[in-house]
Colleague: 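The structure under discussion is supplied below as structure tokens; questions concerning it will follow.
In each ligand, atom 1 is the first atom listed, and ligand 1 is the first ligand listed.
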Amino acid sequence: MNQDQLKLEACKLQKELTEHSYRYHVLDDPVIDDETYDLMLKRLVEIETAHPELKVSDSPTLRVGAPPLKSFKTAPHSLPMLSLDNAFSNEDILAFHQRNLKALNLDRMIYTVEPKLDGVAVELTYENGVLVLATTRGDGINGEVITDNIRTIDKIPLRLTHAQAPVPKFIEVRGEVIITQADFIRLNQTRINQGESAFANPRNAAAGSLRQLDSRVTAKRPLDIFVYGVGLARGIEFSSQSQILGRLEQFGFPVNPHVQKKIDIKGVIQAFGHLESIRPDLDYEIDGMVIKIEDLVLQKALGEKIKSPRWAIACKFAAMEKVTRINDIIIQVGRTGVLTPVALLEPVNIGGVMVSRATLHNADEIKRKDIRINDKALVTRAGDVIPKVVKIFDQERKGNEQGFTMPETCPVCGSAVQRQKDETAVKCVNAGCLAQLKERIRHFVSKKGLDVDGLGKKIVEQLVDENMVNSFADLFKLEADQVAGLDRMGEKSANNLLAAVEKGKSVSLARFIFALGIDHTGENAARLLSKQFKDLDALMGASKADIIAIHGMGEKTAAAVTDFFSVMENKILVKEMILAGLRPVNDLFFEKQPQDHPFSNKTIVITGTLSQFSRSQAKEKLLGAGAKVTSSVSSKTDYLLVGKDGGSKLEKAKALGIRILDETGFMEIMDSVNPS
Ligand code: IVH
């Protein structure tokens, strides 16, 4: 191949790869598969390595990273990157509004409200549409140059080619680099598996990933971005904040879908409450809401203070992190015998919930973070996740701290514990351990299992400790006067409890299988099994091959299920329950064949607050109809079922032209099929 042909091939690959990447990351509508993309990219890397003169400044190969740097250079920001003043209450927001009205001599004001993203601020400089420089905020005046690292973030355009508007000669785009919750959990899991320390939170993970001298490391981190403003711009005029965001979106930048224009301060305050309420459902961390004056002429008229603008303010949510003391470390023995160290905390209110315990995961984690009894610790509670210790303040130690070592024996039954091969977990392997029994019973009667109302932790403990329950089957043999004799029980509550247990006897087969707590057998696997096997006898007689043959079923589950039913004690246990009156109903096997259902084989996402039933009830109905329920909207989604406040998923579904159903539409389709 001669030089001209190579140049042509490189150009073609650069152009096509850029287009495919845009389709994938911005439009969410790829037209080639990942493997083809990787092959094309590999070929381009090959050509550019052999002929560096063919590498252009926006080549898609820059996405994989560049050779490592020795240190970061710094570069000044054309305009300072300011921070924001904080508002902590509605009064603070009103005071901000009144100040604006007074200073500008106006009687009304339009604002935009935006989530305050909890990540790392960056500035991206484009000259003639090409990304030439990227910096961190630094001290606001000078930032660190992280161009190679930024180029690895797929969602950041290397060239502003897709603009419906003319590309400006020069523009500085500002935004926040983040890591989504799901990516953060995956990233930390991989790090822990590889013996590396876990990141404390997504912001630290994003900051650490951007501060890599070797951008090939950054390329492997799941970085994401939302842009929220511009610095200096030439060859383009803006008149409002919404217009800036609209243009940036046209240029191919991700703009947060929860940005809204509000025509009065009442709407602004409502938006703050709303944002705080949807905060736990967002897939990325936000720590407040930013209010900005919409009109840029008015922004300019108000101007800036040294550190922050007068035209914007950050309203902070209640902190989801608090400092408290670790009073003790105890061991909890789980259903499968795993020993988990738990910190008993001096109780603190975190985001409206009193927290007095935090999981410490395992001995390795305690060692890595050097956690000791009596340490002062930073504790977080994110969404509905179990509280955890982020870090301890070792400099504030007083000398009365005590280290913690995992016990050699189970604290409940006293038998020797075993460290599992290739796992960090330590297990009590005594099947008769009462701690395990209590946890297994709790799982058996839990909401997703037999759903026995009124059978909480305290009662389960008493039933086991009083030797009234030694197995699942014993639950069905309880008698009212026995139960009434328990602590905090009376005749009436005992009768209620027995009625609830009685109701549990006609649980669905899928729930019953889940309730048994077989390894690798969660809700989904249990449903698949129930669909396939008519009744318990059929399931118990199934071979490993029969189970693997079920579409969507894994080998581990198949092995665990057959292992479980090959143990004589378990067979007897099931028999005993049947004798005691348990009659699981297989609604899935006998239900109308899902193929006939309009939702059968359709991929559906549920979002927003439903009014007639809960999201999990809707999910159950859909699964029953043979639909697949997923959590994120993509071009593969067939329907979006939306309740009140659909948020980003609704926006995305609209943009992708996906069919949107409200509750009524959903029920109409559901009811159109009569279960026979
Ligand atoms: S505007 C002069 N908008 O908050 C305006 N900032 O305390 C300053 N941030 O360093 C930036 N989300 O990292 C703006 N929607 C948003 C933001 C946002 C997060 C961060 C940004 C900045 C800090 C200001």
Side-chain angles (χ1 to χ4, degrees), residues 77-88 92-93 96 100 111-124 134-144 146 150 153 156 172-180 201-207 210-211 223-233 238 240-249 253-262 268 271-272 274-276 278-279 282-296 298-317 319 648:
H77 299 294
S78 309
L79 300 172
M81 283 184 84
L82 300 175
S83 60
L84 292 164
D85 285 347
N86 287 325
F88 293 101
D92 290 351
I93 298 177
F96 164 72
N100 294 337
Y111 295 98
T112 62
V113 294
E114 308 176 2
K116 185 166 190 303
L117 304 153
D118 198 5
V120 182
V122 293
E123 180 166 72
L124 317 168
T135 49
T136 60
R137 176 168 178 267
D139 59 5
I141 307 296
N142 293 294
E144 277 177 324
I146 50 162
I150 284 292
I153 304 178
I156 298 180
E172 290 168 346
V173 178
R174 292 175 174 184
E176 196 89 351
V177 170
I178 56 163
I179 290 185
T180 65
N201 53 47
R203 173 169 32 84
N204 284 4
L210 279 182
R211 284 205 92 264
L223 295 172
D224 210 325
I225 189 168
F226 283 117
V227 299
Y228 52 66
V230 294
L232 191 67
F238 298 112
S240 70
Q241 170 67 7
S242 326
Q243 190 201 24
I244 290 178
L245 297 183
R247 284 291 171 84
L248 291 179
E249 194 153 42
F253 293 99
V255 171
N256 190 281
H258 296 284
V259 175
Q260 282 181 307
K261 198 153 108 174
K262 293 287 164 199
V268 169
F272 182 56
H274 172 67
L275 200 57
E276 188 156 25
I278 63 166
R279 181 186 191 193
L282 295 178
D283 193 28
Y284 43 85
E285 292 199 340
I286 63 174
D287 54 355
M289 183 181 87
V290 184
I291 311 174
K292 299 177 183 172
I293 290 184
E294 160 77 341
D295 189 326
L296 299 195
L298 298 181
Q299 282 190 7
K300 210 156 166 215
L302 278 177
E304 276 100 32
K305 297 183 287 183
I306 296 171
K307 291 238 168 96
S308 55
R310 290 201 182 83
W311 46 264
I313 198 161
C315 322
K316 301 298 278 281
F317 297 140
S648 63

Colleague: Check whether the ring centres of Phe253 and Phe226 lie less than 6.0 Å apart, and answer yes or no.
Modeller: no
Colleague: Say whether, by atom type as modelled, one donor and one acceptor occur between the side chain of Gln299 and the main chain of Ile293 under 3.5 angstrom.
Modeller: yes
Colleague: Identify all N/O pairs between ligand 1 and the protein with a separation under 3.5 Å and present them as a table of atom names and distances.
Modeller:
| unit_1 | atom_1 | unit_2 | atom_2 | d |
| --- | --- | --- | --- | --- |
| ligand 1 | 3 (N) | Lys292 | NZ | 3.0 |
| ligand 1 | 4 (O) | Lys116 | NZ | 3.3 |
| ligand 1 | 7 (O) | Leu84 | N | 3.2 |
| ligand 1 | 12 (N) | Leu117 | N | 3.0 |
| ligand 1 | 13 (O) | Glu176 | OE1 | 2.5 |
| ligand 1 | 13 (O) | Glu176 | OE2 | 3.4 |
| ligand 1 | 13 (O) | Tyr228 | OH | 3.4 |
| ligand 1 | 15 (N) | Glu114 | OE1 | 2.8 |
| ligand 1 | 15 (N) | Pro115 | O | 3.3 |

Colleague: Parallel, tilted or perpendicular, judged at 30° and 60°: which one describes the rings of Phe317 and Phe272?
Modeller: parallel
Colleague: Counting N and O atoms only, with roles assigned by atom type, does the side chain of Arg137 sit under 3.5 Å from a partner on the main chain of Met81, one being a donor and the other an acceptor?
Modeller: yes
Colleague: Run the salt-bridge test on Asp85 and Lys305 with the 4.0 Å N-O cut-off and return the result as yes or no.
Modeller: yes
Colleague: Would you call Glu144 and Arg211 a salt bridge, using N to O less than 4.0 angstrom?
Modeller: yes
